[in-house]
Amino acid sequence: MQYTFSDDNKFRTWRRLWIALAGAEQKQGLAITDEQLAELEAHKDDINYEEAVAREKLVRHDVMSHVYAYGQQCPKAAGIIHLGATSCYVGDNTDIIVMRQGLELVRKKLIGVLAKLGRFAEEYKDMPCMAYTHCQPAQPTTVGKRATLWANELVMDLNEIDHRLATLQLRGVKGTTGTQASFMELFKGDADKIRAVDASIAKEMGFAPDAVIPVSGQTYSRKVDAFILNALAGIAQSCMKFATDLRLLANFKEMEEPFEKNQIGSSAMPYKRNPMRCERICALSRYLMVDVLNPSFTTGTQWFERTLDDSANKRVAMAEGFLATDAILNIMLNVTDGIVVYPKVVRSRLMAELPFMASENIMMQAVEKGGNRQELHERLRQHAIAAGKQVKEEGLPNDMVDRVAADPAFGLTKEEITAGLVPENFVGRAPQQVEEFIAHILKPIFDANPDAVEQHA
């Protein structure tokens, strides 16, 4: 990702765009020779940076400095480089191309994370655990089912990235204010030839021939940047949710991120196992979610056909947005590859709360033995309050089962009550939901993208 947003990648793309422009113009009849095109092609990668830097110090214009430097290497073609174009021809088209490259990298890593979460969900689809609402014990779920919640949000993010890639369009050749006036001059008013140049450049740069924005000012609409960074921020939201959940589970001692054999958790507290990787995911995610404000303001403050005050902000915000996303996904790949589960703690915490969850089942058992449902409901409520108070105020184990067994109104032995406290009986369709999610949602993604799965296996 660092290379994708590097100066070298940018300037190499500029030269490819200049070659594509010259080639398209030649096809439509302009006096550009094969020899000139060959000269441009021969020097597309050996950029003479020293010449460009020296020239920019003199003229204070990055595009014209690189046009000059390219011309020094290609004296026969110097006169036709950048013909009819404005700076945004290379600047904006390159931005679109670079963002597409970035989205493709993000997409592969996102699928890699999904593959690891899918394997984890499959492995733990049957393991009951406590589920929470308001971070308070609710009803049981399974460890694997919770993993599908994390994965499903990332699938939504993948769909958004795919949409952005599918709808991304080049700026093409639009001229200084988007009217294509310079190209009307070059091609003597022949609009068909101008449209053909746009299509040819798009195809040459790896886009569909019609994937060119229909109208523009000097620049492509900055809403494109806002859309893309919002899609990246969606990934941050999902990853922050995952990392926060894992941090909480680490506090419960049910699950934790990988912890290396010689890793030190704290300089002062040798016993500490801080979830520092998940903390880093949360920190970077927060940065990325806030970053979406930059292209939003840039879009809203574009004056008429364009202003220049967006450039410095845009170059920082978009590059750093992609770099943050890449870093988040790198950590996600590491964490999801080695999530640690402590089954005995998971079950112990669940069993401590299960008597409360089993209240209705206990009531039905007692009704079958002749009890009054309404009276039993009230007695269960009182027992639950007393048991909960004992846990919270006295720090003693949940003794609700003992209380019910000792209450003659229920007519149940402790063994009869305990026999019904099987966690697997309280998870509903969770295991089947995991199987269905993997089969119908994840597997089609993996089947269509085997390289991404294998690359991050």
Side-chain angles (χ1 to χ4, degrees), residues 1-2 4-5 95 98-118 120 135 146-165 167-168 222-250 255 257-258 274-299 313-337 339 441-442 445 449 452 456:
M1 190 66 77
Q2 285 181 311
T4 298
F5 285 87
D95 285 347
V98 165
M99 286 192 295
R100 181 178 66 171
Q101 293 170 348
L103 287 172
E104 288 169 345
L105 285 173
V106 165
R107 186 179 186 278
K108 288 180 180 178
K109 292 186 178 182
L110 194 52
I111 292 171
V113 172
L114 283 170
K116 295 178 188 300
L117 280 176
F120 180 84
C135 206
R146 179 175 284 140
T148 65
L149 302 184
W150 300 326
N152 188 51
E153 292 193 344
L154 292 171
V155 169
M156 295 166 68
D157 297 320
L158 178 63
N159 291 338
E160 185 63 22
I161 294 296
D162 283 343
H163 177 66
R164 289 295 133 219
L165 282 167
T167 56
L168 201 57
R222 294 322 191 205
K223 286 186 75 69
V224 174
D225 296 345
F227 286 150
I228 288 174
L229 206 47
N230 269 293
L232 298 181
I235 296 173
Q237 295 159 19
S238 303
C239 294
M240 188 173 187
K241 166 68 165 66
F242 160 82
T244 301
D245 283 356
L246 199 52
R247 290 166 70 185
L248 291 170
L249 289 166
M255 294 168 53
E257 66 181 41
N274 299 335
M276 59 89 173
R277 292 174 227 193
C278 285
E279 289 172 331
R280 194 174 301 147
I281 290 171
C282 291
L284 291 170
S285 295
R286 187 190 317 143
Y287 176 88
L288 180 52
M289 286 186 277
V290 171
D291 196 27
V292 300
L293 290 173
N294 282 298
S296 298
F297 277 109
T298 296
T299 301
N313 182 292
K314 169 183 166 60
R315 292 181 190 188
V316 173
M318 297 309 295
E320 290 193 353
F322 273 93
L323 290 169
T325 306
D326 191 56
I328 290 167
L329 290 175
N330 283 341
I331 305 170
M332 285 289 292
L333 285 165
N334 176 268
V335 172
T336 55
D337 193 45
I339 301 173
I441 304 299
L442 294 184
I445 294 172
N449 300 276
H456 301 291

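No experiment lies behind these values; they were computed from the predicted model shown.
Across Ala233 and Met289, no two heavy atoms sit closer than the pair O-CG, 4.0 Å. A pairwise comparison of heavy atoms in Tyr287 and Ala324 identifies CD2-CB, 4.3 Å as the closest pair. Taking both residues in full, the closest heavy atoms of Cys239 and Leu329 are given as SG-CD2, 4.4 Å, listed atom of the first, atom of the second, then distance. Counting all heavy atoms, side chain and backbone alike, Cys278 lies closest to Leu246 at SG-CD2, 3.7 Å. Considering every non-hydrogen atom in both Glu257 and Arg277, the closest pair reads OE2-N, 3.0 Å. Here the closest non-hydrogen pair linking Leu229 and Gly321 is CD1-CA, 3.8 Å.
Counting heavy atoms from C-beta outward, Thr299 and Asp225 have side chains that stay 4.5 Å or more apart. With a 4.5 Å cut-off on side-chain heavy atoms, Leu168 and Val224 count as touching. Taking 4.5 Å as the limit, some side-chain heavy atom of Leu158 sits within range of a side-chain heavy atom of Asp162.
Between the SG atom of Cys282 and the CD1 atom of Ile331 there is a distance of 10.0 Å, given to the nearest 0.5 Å. Put simply, CD1 on Ile235 and CE on Met240 are 15.5 Å apart, with the number rounded to the nearest 0.5 Å. Remark: Ile328 CD1 to Leu323 CG distance equals 11.0 Å, nearest 0.5 Å. A distance of 8.5 Å separates NE2 in His456 from NZ in Lys116, rounded to the nearest 0.5 Å. Atoms CE and CG, on Met1 and Asp326 in that order, are 4.0 Å from each other to the nearest 0.5 Å. Going from atom CG of Asn449 over to atom CD1 of Ile445 covers 8.0 Å, rounded to the nearest 0.5 Å.
For Ser285 (side chain) and Gln237 (main-chain N/O), no donor-acceptor pair under 3.5 Å exists by modelled atom type.
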Walk me through it: do Val98 and Phe322 pass the test side chain to side chain contact (heavy atoms under 4.5 Å, CB included)? CA-CA 10 Å; Val98 165; Phe322 273 93; over 6 Å; no

Dump the intermediate steps for side chain to side chain contact (heavy atoms under 4.5 Å, CB included) on Phe242 and Ile339, then the final yes or no. CA-CA 12 Å; Phe242 160 82; Ile339 301 173; 4.0 Å; yes

Go through it in stages, so that I can follow the logic: the residues are Leu232 and Leu103, the test is side chain to side chain contact (heavy atoms under 4.5 Å, CB included), and I'd like the CA-CA distance, side-chain angles, deciding distance and then a yes or no. CA-CA 9 Å; Leu232 298 181; Leu103 287 172; 4.2 Å; yes

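Listed by chain and residue number, Glu160 satisfy the salt bridge (Lys or Arg N to Asp or Glu O under 4.0 Å) test with Arg164 (two or more places apart in sequence, or in another chain). In this view, Arg286 satisfies the salt bridge (Lys or Arg N to Asp or Glu O under 4.0 Å) rule with no residue, not counting sequence neighbours.
Within 6.0 Å of the NZ atom in Lys314, the count of heavy atoms belonging to other residues, nucleotides or ligands exceeds 12.
Salt-bridge check for Arg146 with Asp245: failed, with every basic side-chain N at 4.0 Å or more from each acidic carboxylate O.
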